[in-house]
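Values below: all heavy atoms of this structure, side chains included; hydrogens, waters and symmetry mates excluded. Given the structure is predicted, the values throughout are model-derived calculations rather than measurements. Throughout, protein chains are lettered first and strands after them, A, B, ... in sequence-line order, and every chain is numbered starting at 1.
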Number of protein chains: 2
Amino acid sequence: MKARATETQRKTRIQIENEERILDAALEEFSAHGFRGATIDRIAEHAGMSKPNLLYYFRRKQDIYEALIARLLDKWLEPLQALDAVGDPLPELQSYIRRKLEMARDFPRESRLFANEILQGAPRIKRLLESELKPLVDEKAEILRGWMRAGQINTVDPRHLIFSIWSTTQHYADFDVQVQVILGPDRGAAGRFEDAARYLETLFLDGLRPKDKAGGTPRVRDL
Amino acid sequence: MKARATETQRKTRIQIENEERILDAALEEFSAHGFRGATIDRIAEHAGMSKPNLLYYFRRKQDIYEALIARLLDKWLEPLQALDAVGDPLPELQSYIRRKLEMARDFPRESRLFANEILQGAPRIKRLLESELKPLVDEKAEILRGWMRAGQINTVDPRHLIFSIWSTTQHYADFDVQVQVILGPDRGAAGRFEDAARYLETLFLDGLRPKDKAGGTPRVRDL
DNA sequence: CTAGAGTTTTATCAAACAGTCAATATTTCG
DNA sequence: CGAAATATTGACTGTTTGATAAAACTCTAG
């Protein structure tokens, strides 16, 4: 019988192995070229099997893509899930930033997969963003607002705060080539991420304005 | 005679008009689907001309892409170019952030074009990044270091500072769909960018740590 | 060991794709 | 005007791509 995912049926050893290999190869290709730029041929080649064989496990290109997204979304949202109301705000936020940065370091392909999808208008996962991401962000934004009301962190729009954490951390995965061109090969990947972590800590905690200059607060604000 | 760019030759009115239309259409397609995902047929259709006609002006797909990149890179680096050593550091940085954010607001397709290219490993413009972007960043990083030595801004790695400005501002163009899902349709595009500007100002100047706990200026700036 | 389920391959298809060519139409300019 | 330069088109080529059909092979449970 056909190995269709829709049916409730135990998976064969070979099925499990091959779907794994296909999804890994697909991650490689989709994250590097986007949905339209990736081809079944290259995914099959990368997975070490013939194209018809691959299509035996996933009937259509889009099926591979959707399986991949479904498998990765939860993992991707884990750091934000972990943001907890009970901890102290600043360490809690630092921890969130650190986790996101570690995700960018350890799972750059996953980061680029989502980046490609969103960048190209999220035609295939927009619904998923509305049903999964939006409520999660709303929930965590409420926690942040609580901290702001209590004066434990500066008052800002919590959703924009979350955007800035996403963008600054994922930048190191998504724009890695550019980062490497600019930083040069001096420090390895690990060193780059340490530097990034140190910088982001300063930025998010204290910003750029020096804490106390010699006399008074100049507070230059306007442009 | 053929209308090849390699030859020193005055351009016809029709040539100018058509190249313009082609490049605009190409920006639309390349920014939405990446190099491999975009097709000549769709670019031609979008430009309102037949495919062979388009190929009369640009012989290969890659030629369109390269012409587009060449035309846009300078404009894209303009805000950083404008960062000036003589101004006061904080207003100067604020101004840079504001400019970058305006670019994201006014030229989202250009932002996505570059994002797509870098995301996919910059295979076509890596050399350009090394020859144009790297020296510019090095130059401006030196200005930032000067301000840090003078104690006018906090001491951080200036290149990571630049990364964070790029990522936070371009996020509003590149990840626009996601931003819209999360913020909802309440405020229009203009409103979103005002909010973003206000938030980024707080972030980059003061970070999240409250300035002085009780007493002093509450610094409530609400949403 | 063997029947049937599960897996892989070979052959194939139609559509999409980048790019070419020669013929035709239009514009420019002396 | 009329010839040369420029622009546009239709018809076409070879390749890539997503997808299918059926035959052949392999594994596994009884």
Side-chain angles (χ1 to χ4, degrees), chain A residues 1-23 25-30 32-69 116 120 123-124, chain B residues 1-26 28-30 32-68 120 123-124:
Chain A
M1 193 201 255
K2 284 264 186 153
R4 299 289 287 115
T6 46
E7 285 162 45
T8 329
Q9 192 188 321
R10 222 180 258 100
K11 280 185 184 172
T12 317
R13 169 185 59 86
I14 297 177
Q15 234 171 91
I16 294 170
E17 285 174 13
N18 281 352
E19 288 183 3
E20 186 66 33
R21 269 164 54 206
I22 292 169
L23 288 176
L27 176 56
E28 196 74 28
E29 290 297 321
F30 283 131
H33 306 293
F35 181 79
R36 299 180 57 151
T39 69
I40 299 184
D41 291 82
R42 290 169 67 113
I43 295 172
E45 190 186 4
H46 202 103
M49 65 179 70
S50 68
K51 177 164 62 169
N53 197 183
L54 181 150
L55 286 166
Y56 168 71
Y57 292 99
F58 298 91
R59 291 171 71 125
R60 297 172 316 161
K61 186 183 178 182
Q62 179 138 357
D63 292 347
I64 314 174
Y65 193 77
E66 281 168 6
L68 201 53
I69 295 279
N116 258 309
Q120 306 189 357
R124 281 161 286 271
Chain B
M1 192 199 259
K2 286 261 184 155
R4 301 286 288 115
T6 47
E7 283 161 47
T8 328
Q9 192 184 320
R10 223 180 258 102
K11 280 185 184 173
T12 318
R13 168 186 61 84
I14 297 177
Q15 233 170 93
I16 293 171
E17 284 174 14
N18 281 351
E19 289 182 3
E20 188 64 32
R21 269 166 52 208
I22 292 169
L23 289 177
D24 185 75
E28 197 74 26
E29 291 296 322
F30 284 131
H33 306 293
F35 182 78
R36 299 181 57 154
T39 69
I40 298 183
D41 291 79
R42 290 171 66 113
I43 295 172
E45 189 186 5
H46 201 105
M49 64 180 70
S50 66
K51 178 163 63 168
N53 198 183
L54 181 149
L55 287 165
Y56 168 72
Y57 293 100
F58 297 91
R59 293 172 69 127
R60 298 171 314 159
K61 187 182 177 183
Q62 178 136 357
D63 292 347
I64 313 173
Y65 194 77
E66 283 168 6
L68 202 51
Q120 305 189 357
R124 283 163 283 272

(request) State whether B:Gln15 places a side-chain N or O below 4.0 Å from either non-bridging phosphate oxygen (OP1 or OP2) of D:dT6. (result) no

(request) Rounded off to whole Å, could you give me the CD1-to-P distance for the B:Ile22 and D:dA7 pair? (result) 11 Å

(message) I need the CG-C1' distance between A:Asn53 and D:dA23, as an integer number of Å.
(response) 15 Å

(message) Can you measure A:Tyr65 atom OH to D:dA19 atom P for me and round it to whole angstrom units?
(response) 15 Å

(request) Write down the distance between CD (A:Glu45) and P (C:dT8), rounded to a whole number of angstrom. (result) 17 Å

(message) Looking at every non-hydrogen atom in both residues, tell me the closest pair between A:Lys61 and A:Ala38 and how far apart they are.
(response) NZ-O, 2.8 Å

(request) Could you tell me whether the phosphate oxygens of C:dG6, OP1 or OP2, come under 4.0 Å of any side-chain nitrogen or oxygen in A:Asn18? (result) no

(request) Decide yes or no on side-chain contact (heavy atoms from CB on, under 4.5 Å) for B:Leu23 and B:Phe58, but give the supporting numbers first. (result) CA-CA 10 Å; B:Leu23 289 177; B:Phe58 297 91; 4.0 Å; yes

(message) Test your reading of the model: is there a side-chain donor-acceptor pair from B:Thr12 to the backbone of B:Gln15, 3.5 Å cut-off?
(response) no

(message) Can you tell me if B:Tyr56 touches the phosphate of D:dT8, counting only side-chain N or O atoms and a distance under 4.0 Å to OP1 or OP2?
(response) no

(request) Give the minimum heavy-atom separation between A:Ala26 and A:Ile64, together with the two atoms involved. (result) CB-CG2, 3.5 Å

(request) Check whether any side-chain nitrogen or oxygen of A:Tyr57 sits under 4.0 Å from OP1 or OP2 of C:dT8, and answer yes or no. (result) yes

(message) Quick check on C:dT27: is either OP1 or OP2 less than 4.0 Å from any side-chain nitrogen or oxygen of B:Thr12?
(response) no

(message) By the 4.0 Å heavy-atom rule, please label A:Ser50 as base, sugar-phosphate, or nothing.
(response) base

(request) Report the distance from atom CE of A:Met49 to atom P of C:dT10, rounded to the nearest whole Å. (result) 15 Å

(message) Salt bridge check, B:Arg13 against B:Glu17: does any charged N sit closer than 4.0 Å to a carboxylate O?
(response) yes

(message) Before you tell me yes or no, could you show the steps for A:Arg124 and A:Ile69 under side-chain contact (heavy atoms from CB on, under 4.5 Å), namely the whole-Å CA-CA distance, both residues' side-chain angles and the distance that decides it to 0.1 Å?
(response) CA-CA 10 Å; A:Arg124 281 161 286 271; A:Ile69 295 279; over 6 Å; no

(request) Decide side-chain contact (heavy atoms from CB on, under 4.5 Å) for A:Leu54 and A:Lys51; before the verdict, give the C-alpha distance in whole Å, the side-chain angles of both, and the deciding distance to 0.1 Å. (result) CA-CA 5 Å; A:Leu54 181 150; A:Lys51 177 164 62 169; 5.6 Å; no

(request) Indicate for each nucleotide in nucleotides 13-20 of chain C, in 5' to 3' sequence, whether protein heavy atoms under 4.0 Å reach the base (B), only the sugar-phosphate (S), or nothing (-). (result) ----SBBB

(message) Whether B:Arg13 contacts C:dT28 is assessed here as follows: a side-chain N or O lying under 4.0 Å from the phosphate OP1 or OP2. Is that the case?
(response) yes

